[in-house]
Amino acid sequence: MSLRALLTKSQVVLPGVFNAITAQQAVACGHPALYLSGAGLTNALTGYPDIALLTLTEFAQQARYVCRAVPGTPVIADADTGFGDVLNVARTVEEYEHAGLAGLHLEDQLSPKRCGHLDGKSLIEPEAMAAKIRAAVRARTNPDFFLIARTDARGVTGLDDAIARAKCYVDSGADAIFPEGLQSREEFEAFASALPGTYLLANMTEFGKTPMISAEEFALLGYRLVIFPMTAFRAMLYTAREVYTTLHKTGTQQSLLGQMQTRAELYELIGYKKYTEFDNEVSTSPPSPSPGRSYLTEKGGTSSTTPLSSPAKNERPGEGGAGGGRG
């Protein structure tokens, strides 16, 4: 189901993922849509901070891995400032669509950007951001591709300017608005009241400027999308630290076994059985009368995708491999 279709039914909660395996785990836990975190992707892939050090190519490649791993599940992704000016934004939309994403968000920070919950940010002019949004609208080929405009103005020029910018961005074609760094329930309520009828996204990140607010509370405040971008990432790092410390101190993982996903559970998650079956079939059986059947055509665990013999939707002519399905 597409993200737009999900939004017509209810609020959509999108947990943050940062690679294919975390995306598969989130879907296995029942989440109908996902958020590919720019901070999580950057931290996990390179160990760099979230200060715009990764390229469009790196983002798009990781998005392709994620979308291939969870076909049929809408994934929206961070696109930072669009990796440049209006032409770069247009190419970003093209690459993200080809990767299989269901949408993206662009922010109005001056590059190089900073984490939205840190001080010291700078903004581009509203009209410059509006031009980026118009470029994104023109560049998309799938009308379901969801364009979210993020404004960081609250922490720079104040809530009133954030609201004014949001109205400008909606007029320029944004499908939704992401007000970053709001600092109270009252601010979220005031922002929503100023933009009636607009899809709004709330960022419920931890240890930042926004107080802890549940998805249910956000729904009552008027926020149809809620992301939890780094929740799983932080929990995984906390657990990894405990594991590495235990190994360093004791030289054994015996005390940790009860906290681990088992080998069988991991193999079920990634669909290992289907790969083995495919290997056995093509190694021992005559050619199949049904072309296109492969280890990727049937579900194994949570993972399935397009048959190898047919190009994925949005795949460029001449590209091999299977792309991820857009929701």
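Counting begins at 1 with the first residue of the sequence. Being a predicted model, the structure only gives us computed values, none of them experimental.
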| request: Please check if any side-chain donor atom of Y267 sits under 3.5 Å from a side-chain acceptor atom of R263, or the reverse. | output: yes
| message | Working to the nearest 0.5 angstrom, can you tell me the gap between I124 CD1 and E107 CD? | response | 9.5 Å
| Common cluster, Y238/V243, ILVMFWY with side-chain heavy-atom separation under 4.5 Å | no
| field | Under 3.5 Å: donor-acceptor pair, side chain of T42, backbone of A39 | value | no
| query | Are the side chains of T81 and L106 in touch, meaning some heavy atoms are under 4.5 Å apart? | reply | no
| query | Does any non-hydrogen side-chain atom of L34 lie less than 4.5 Å from one of V70? | reply | yes
| field | CG-CG distance between L225 and N203, expressed to the nearest 0.5 angstrom | value | 12.0 Å
| Do the side chains of L53 and F233 join up, straight or via other hydrophobic residues, at under 4.5 Å, putting them in one cluster? | no
| task | Determine whether the side chains of T231 and E206 contain a donor N or O and an acceptor N or O closer than 3.5 Å. | result | yes
| query | Given Q62 and N19, is the side chain to side chain donor-acceptor pair (under 3.5 Å) satisfied, shown in steps? | reply | CA-CA 7 Å; Q62 297 305 309; N19 55 25; over 6 Å; no
| Taking atom CD of E125 as the centre, does the number of heavy atoms from other residues, nucleotides or ligands within less than 6.0 Å exceed 12? | no
| request: Of all the heavy-atom pairs spanning F59 and D80, show the shortest one and how long it is. | output: CZ-OD2, 4.1 Å
| message | So which atom in E95 and which in A60 form the shortest heavy-atom distance, rounded to 0.1 Å? | response | CB-CB, 4.2 Å
| With a 3.5 Å cut-off and no angle check, do the side chains of T55 and E58 form a donor-acceptor pair? | yes
| query | With under 30° as parallel and over 60° as perpendicular, where do the rings of H105 and Y35 fit, or are they tilted in between? | reply | parallel
| Which residue, Q261, H31, E265, forms the side-chain hydrogen bond (donor to acceptor under 3.5 Å, both in side chains) with Q25? | Q261
| query | Do other residues, nucleotides or ligands put more than 12 heavy atoms under 6.0 Å from E216 CD? | reply | no
| field | Residue among V89, T92, I148 satisfying side-chain contact (heavy atoms from CB on, under 4.5 Å) with L104 | value | T92
| query | Between R140 and D175, is the closest basic N to carboxylate O distance under 4.0 Å? | reply | yes
| task | State plainly whether the residues R134 and E127 are in salt-bridge range, i.e. N to O under 4.0 Å. | result | yes
| request: Kindly give the heavy-atom pair with the smallest separation between A28 and L269, and that separation in Å. | output: CB-CD1, 3.9 Å
| said: According to a hydrophobic-cluster definition based on side-chain heavy atoms being under 4.5 Å apart (Ile, Leu, Val, Met, Phe, Trp, Tyr only), do L54 and I51 belong together? | reply: yes
| said: Before you tell me yes or no, could you show the steps for L56 and R91 under side chain to side chain contact (heavy atoms under 4.5 Å, CB included), namely the whole-Å CA-CA distance, both residues' side-chain angles and the distance that decides it to 0.1 Å? | reply: CA-CA 9 Å; L56 168 59; R91 187 184 173 212; 4.2 Å; yes
| Quick one: do the E97 and N142 side chains pair a donor with an acceptor below 3.5 Å? | no
| task | For K274 and E277, run salt bridge (Lys or Arg N to Asp or Glu O under 4.0 Å): C-alpha distance rounded to whole Å, both residues' side-chain angles, the deciding distance at 0.1 Å, then the answer. | result | CA-CA 5 Å; K274 293 299 179 182; E277 289 177 349; 3.6 Å; yes
| request: Check whether any side-chain N or O of T151 sits under 3.5 Å from a backbone N or O of P179 as a donor-acceptor pair, and report yes or no. | output: no
| Joint cluster assignment, L237 & L36, ILVMFWY side-chain distance < 4.5 Å | no
| said: A side-chain contact here means heavy atoms from C-beta on lying under 4.5 Å apart; do F18 and L45 qualify? | reply: no
| task | Evaluate the side chain to side chain contact (heavy atoms under 4.5 Å, CB included) criterion for residues R165 and D108: first the C-alpha distance (whole Å), next the side-chain angles of each, then the deciding distance (0.1 Å), finally the verdict. | result | CA-CA 9 Å; R165 283 171 175 264; D108 57 5; 3.3 Å; yes
| message | Rounded to the nearest 0.5 Å, what separates atom CG in D50 from atom OG in S37? | response | 7.0 Å
| request: Check A190 against I163 and note the closest heavy-atom contact, atom names and distance. | output: O-CD1, 4.3 Å
| Given the rule that I, L, V, M, F, W and Y join up when any side-chain heavy atoms are under 4.5 Å apart, are L159 and Y169 in one cluster? | yes
| said: Whether the side chain of E187 engages the backbone of Q183 through a donor-acceptor N/O pair (distance < 3.5 Å, no angle test) should be reported. | reply: yes
| task | Return yes when atom CD of E217 has more than 12 non-hydrogen atoms of other residues, nucleotides or ligands closer than 6.0 Å, and no otherwise. | result | yes
| request: State, yes or no, whether a side-chain contact exists between Q259 and E242 at a heavy-atom distance under 4.5 Å. | output: no
| task | Nearest 0.5 Å please: distance from the NE2 atom of H98 over to the CG atom of L101. | result | 12.0 Å
| Hey, does the side chain of Y223 reach the backbone of F188 with a donor-acceptor pair shorter than 3.5 angstrom? | yes
| request: May I ask you to test the P32-T73 pair for a side-chain heavy-atom distance under 4.5 Å? | output: no
| said: Is it the case that atom CE in M236 sees more than 12 heavy atoms from other parts of the structure closer than 6.0 Å? | reply: no
| field | Distance-only donor-acceptor check, side chains N280 and S283, under 3.5 Å | value | no
| V86 and N88: CA distance, side-chain angles, deciding distance, side chain to side chain contact (heavy atoms under 4.5 Å, CB included) verdict | CA-CA 5 Å; V86 291; N88 305 91; over 6 Å; no
| field | Which atom of A149 lies closest to which atom of I133, heavy atoms considered | value | CB-CD1, 3.8 Å
| request: Check whether more than 12 heavy atoms from other residues, nucleotides or ligands sit under 6.0 Å from atom CG of L87, and answer yes or no. | output: no
| task | Of all the heavy-atom pairs spanning V66 and A23, show the shortest one and how long it is. | result | CG1-CB, 3.8 Å
| query | Within the side chain of K132, is there an N or O that forms a donor-acceptor pair under 3.5 Å with the backbone of G84? | reply | yes
| said: Return the CG to CD1 distance between L201 and I227, rounded to the nearest 0.5 Å. | reply: 5.0 Å
| Out of curiosity, F228 CZ to L14 CG, how far, rounded to the nearest 0.5 Å? | 9.5 Å
| field | Lys/Arg N to Asp/Glu carboxylate O, D152 vs R150, below 4.0 Å | value | yes
| field | Pairwise side-chain contact, V93 with F145, heavy-atom cut-off 4.5 Å (strictly under) | value | yes
| task | Dump the intermediate steps for side chain to side chain contact (heavy atoms under 4.5 Å, CB included) on I76 and L3, then the final yes or no. | result | CA-CA 9 Å; I76 62 172; L3 180 61; 3.6 Å; yes
